Number of protein chains: 2
Amino acid sequence: MGKPASPEAKPGATIYSVAEHAGVSIATVSRVLQGAAVVAEATRQKVLTAVDALGYVPLGAARSLAVRHHEAHGLVLPELSGPYYAELLMGFEARAAELDQSVVLVLTDSRTDLVAAVRQLATRVDAIAVFGSAAIPADVVRSLRAKKPVVVIAGEPHDGIEAVVAENVESARELAGHVLDHGRRRVLFVGDPDSGSDVRNRHAGYVAAHRDRGLDAAEPVRVALSEADGAAFARRLLAGEHEADALMCANDELALSIMTALQDAGRDVPGDVAVVGWDDVMTSRYVRPGLTTVRQPVHELGALAASRLHELVSGEPPREDAQMLPTQLVVRGSCGCT
Amino acid sequence: MGKPASPEAKPGATIYSVAEHAGVSIATVSRVLQGAAVVAEATRQKVLTAVDALGYVPLGAARSLAVRHHEAHGLVLPELSGPYYAELLMGFEARAAELDQSVVLVLTDSRTDLVAAVRQLATRVDAIAVFGSAAIPADVVRSLRAKKPVVVIAGEPHDGIEAVVAENVESARELAGHVLDHGRRRVLFVGDPDSGSDVRNRHAGYVAAHRDRGLDAAEPVRVALSEADGAAFARRLLAGEHEADALMCANDELALSIMTALQDAGRDVPGDVAVVGWDDVMTSRYVRPGLTTVRQPVHELGALAASRLHELVSGEPPREDAQMLPTQLVVRGSCGCT
DNA sequence: CTGTTAGCGCTTTCAA
DNA sequence: TTGAAAGCGCTAACAG
């Protein structure tokens with residue numbers, strides 16, 4: 001009795017074994033599988049029969065090597081908590097699927113060696129989309145760009161790397177204006193304008209809305225974008241460290257955690273202080289009062305990134321300036337509307 | 001003047017050009033890049049210099065072909081709305097990263113030809129994890145299994161395909177028991193036990209809790225798991241089509257939309273009717289009353305799937321029965337507790 | 001319509 | 001410590 005076969009042994013049918021089984025050449029097998037050239041119906045059937053008799057699964061790597069491209073797009077995102085990145089990914093994946101591209105995903109928050117991860121990614125895809133705040137050193141992105149098409153999502157275009165973004169400045173101006181027009185005179189911007197171009201532009205719109213009305217904008221309260229950061233800020237606000245009759249938060253997570261903390265402390269929202277956010281996450285519809293916020297076309301943004309990647313791979317030249325998708329103000333009760 | 005080079009032309013450095021530039025053989029280049037064999041320090045430096053002078057990016061496909069594996073795991077999920085799948089994916093990706101495996105993602109809701117998508121996936125990865133309710137025909141999964149390791153997440157093990165799951169029956173029994181012990185006597189199960197093993201097992205626990213107390217369980221109200229389905233059910237409940245003093249919903253989306261709809265109609269939750277869910281999504285902490293629910297170790301579930309895939313690829317035999325991760329009851333106010 | 005054959009770029013013996 | 005050379009499995013001319 002010989003050594004027992006590993007229970008996981010892969011049969012390992014190749015194009016050769018299929019050809020042999022079908023009594024044709026490997027070229028013919030390749031032709032029927034690619035569906036390209038014309039093959040006699042009888043021959044085609046023989047091949048197909050052989051294929052599933054042997055349970056043949058082509059080796060993608062061999063094809064990629066021969067055709068000299070991967071038929072895959074890379075996507076680099078910070079993480080997936082909250083609906084924003086997930087929705088972006090869904091849009092990206094859906095469009096990539098339409099274009100017959102696989103998507104290989106890298107989440108930077110789980111990586112210790114980000115640079116290595118991206119380099120490794122570049123090894124197996126034709127093009128890469130990177131989220132703006134994914135914290136990849138600019139020179140890494142640039143060197144990547146020298147080898148493969150790259151687009152940055154929600155970031156600034158630079159060095160021939162094109163960008164796709166959602167509109168921020170004008171909608172922020174509109175949102176801040178809306179709050180100001182409720183008669184609020186001390187509206188604080190909560191979020192760090194230096195943390196990325198999205199927040200920077202939202203802050204710019206906030207400042208513009210004040211300027212429009214001849215008002216002075218307060219200094220931004222620089223906090224990160226998580227629920228925990230919001231809760232911490234709420235405590236400081238409650239302790240009297242800040243004075244405000246309205247809060248314009250850089251995203252909904254922040255707005256939600258702050259609003260809830262204020263309510264739990266007995267403050268009235270929007271009576272004592274109005275709170276508005278950005279993103280229109282699911283929770284924003286459920287809380288009371290409903291959170292006034294801005295909805296971004298996140299799905300479309302992902303899809304656009306995938307489309308551009310494909311076009312760049314196809315040889316189209318990169319665009320000079322960012323493609324911008326429109327956003328939409330969603331007015332609910334937390335801003336002071338009834 | 002010749003034809004202008006495409007602005008997207010990839011330089012196309014290969015191991016040969018690097019070797020030439022460094023004045024060594026391609027074998028040596030390979031050795032320093034793999035870090036495997038010992039190479040004289042001086043030689044190593046020459047190679048490294050050449051590598052970034054040329055901006056060399058190895059071609060993954062060529063390596064895969066030579067080493068005969070992809071160093072990539074496939075993951076098939078239905079979609080990513082809501083935190084459940086996103087969290088699962090994060091867990092999977094993180095563990096895969098630790099194991100130096102790329103992850104290529106397929107979302108079935110965006111596919112018209114699911115079978116083709118999975119077949120195509122099999123072409124470029126070493127192993128595949130499929131979410132239980134991803135609606136892949138059983139025979140496709142089985143034929144896949146003949147070629148590569150497969151694990152199903154939150155499904156039943158079968159035909160040598162192993163499964164990883166979160167505990168459902170006992171926690172459902174505990175949850176239903178908790179509601180019953182609040183004195184509720186007409187608790188309805190909202191969700192379709194035939195839609196997948198998760199819901200089936202939650203329903204089984206619900207039935208068991210009744211049996212434990214010598215009570216009769218009502219027939220389940222078979223609805224799908226989205227917010228829209230919940231809202232539709234709420235309308236029917238409000239219209240008097242069902243009678244209940246408590247609702248045990250198959251997931252939080254359902255519970256949340258139902259609870260909100262009831263409240264909007266003036267019903268008191270939990271006074272008139274208690275509502276409990278499953279998953280502990282973010283919103284469940286924010287609504288008032290807080291939603292009583294069950295928290296699953298979703299991240300760990302994803303990580304476990306990735307681990308098993310890797311072990312299977314390494315030749316370990318598949319397990320007979322599902323590996324089960326414990327869940328945790330999260331009691332807030334919606335069940336009747338104060 | 002089908003077969004032969006030359007690579008695609010990399011890893012890995014085997015020698016030196 | 002290094003080089004030569006034989007593949008890995010597939011595609012795509014090129015012949016026939």
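In what follows, every chain begins at residue 1, and chains take the letters A, B, ... in the order their sequences are listed. The model shown is predicted, which means the values in this text are computed figures rather than measured ones.
Listed by chain and residue number, Arg95(A) satisfy the side chain to side chain donor-acceptor pair (under 3.5 Å) test with Ser307(A) (two or more places apart in sequence, or in another chain). Contacts of Gln45(B) classified as side chain to side chain donor-acceptor pair (under 3.5 Å), with partners at least two apart in sequence or in another chain: Glu41(B).
If you take CD of Glu71(B) and P of dT11(C), they are 10 Å apart, rounded to a whole angstrom.
Across all strands shown, Ser64(A) has no heavy atoms under 4.0 Å from either base or sugar-phosphate atoms. Using a 4.0 Å heavy-atom criterion, one finds that Ala27(A) contacts the bases of the nucleic acid, with or without backbone contacts as well. Nucleic acid contact class of Val24(B) (heavy atoms, under 4.0 Å, all strands): sugar-phosphate only.
A side-chain hydrogen bond (donor to acceptor under 3.5 Å, both in side chains) check over residues 47-63 of chain B, counting only residues at least two apart or in different chains, returns the pairs Gln34(B)-Arg63(B), Arg63(B)-Glu71(B).
In terms of heavy atoms, Val104(A) sits closest to Ala72(A) at CG1-CB, 4.4 Å.
Contact between the side-chain N/O atoms of Thr28(A) and the OP1/OP2 oxygens of dG3(C) is found at a separation under 4.0 Å.
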Side-chain donor-acceptor pairs of residues 113-123 of chain B under 3.5 Å, sequence neighbours excluded:
residue, atom, partner, partner atom, Å
Asp113(B), OD1, Val115(B), N, 3.3
Asp113(B), OD1, Ala116(B), N, 3.1
Thr123(B), OG1, Pro58(A), O, 3.1

Restricting to nitrogen or oxygen on both sides, can you table the protein-nucleotides 6-8 of chain C pairs closer than 3.5 Å?
residue, atom, partner, partner atom, Å
dC8(C), O3', Arg68(A), NH1, 3.1
dC8(C), O2, Ala66(A), N, 3.4

Pull out every protein N or O sitting under 3.5 Å from an N or O of nucleotides 14-16 of chain D, one pair per line with the distance.
none

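Side chain of Glu79(B) to backbone of Ser81(B): a donor-acceptor contact under 3.5 angstrom is found.
When each of dG9(C), dT4(C), dA4(D) is scored by its nearest atom to the side-chain atoms of Ser25(A), the top-ranked nucleotide is dT4(C).
Atom CD1 of Ile128(A) and atom CG of Leu75(A) lie 10.0 Å apart (nearest 0.5 Å).
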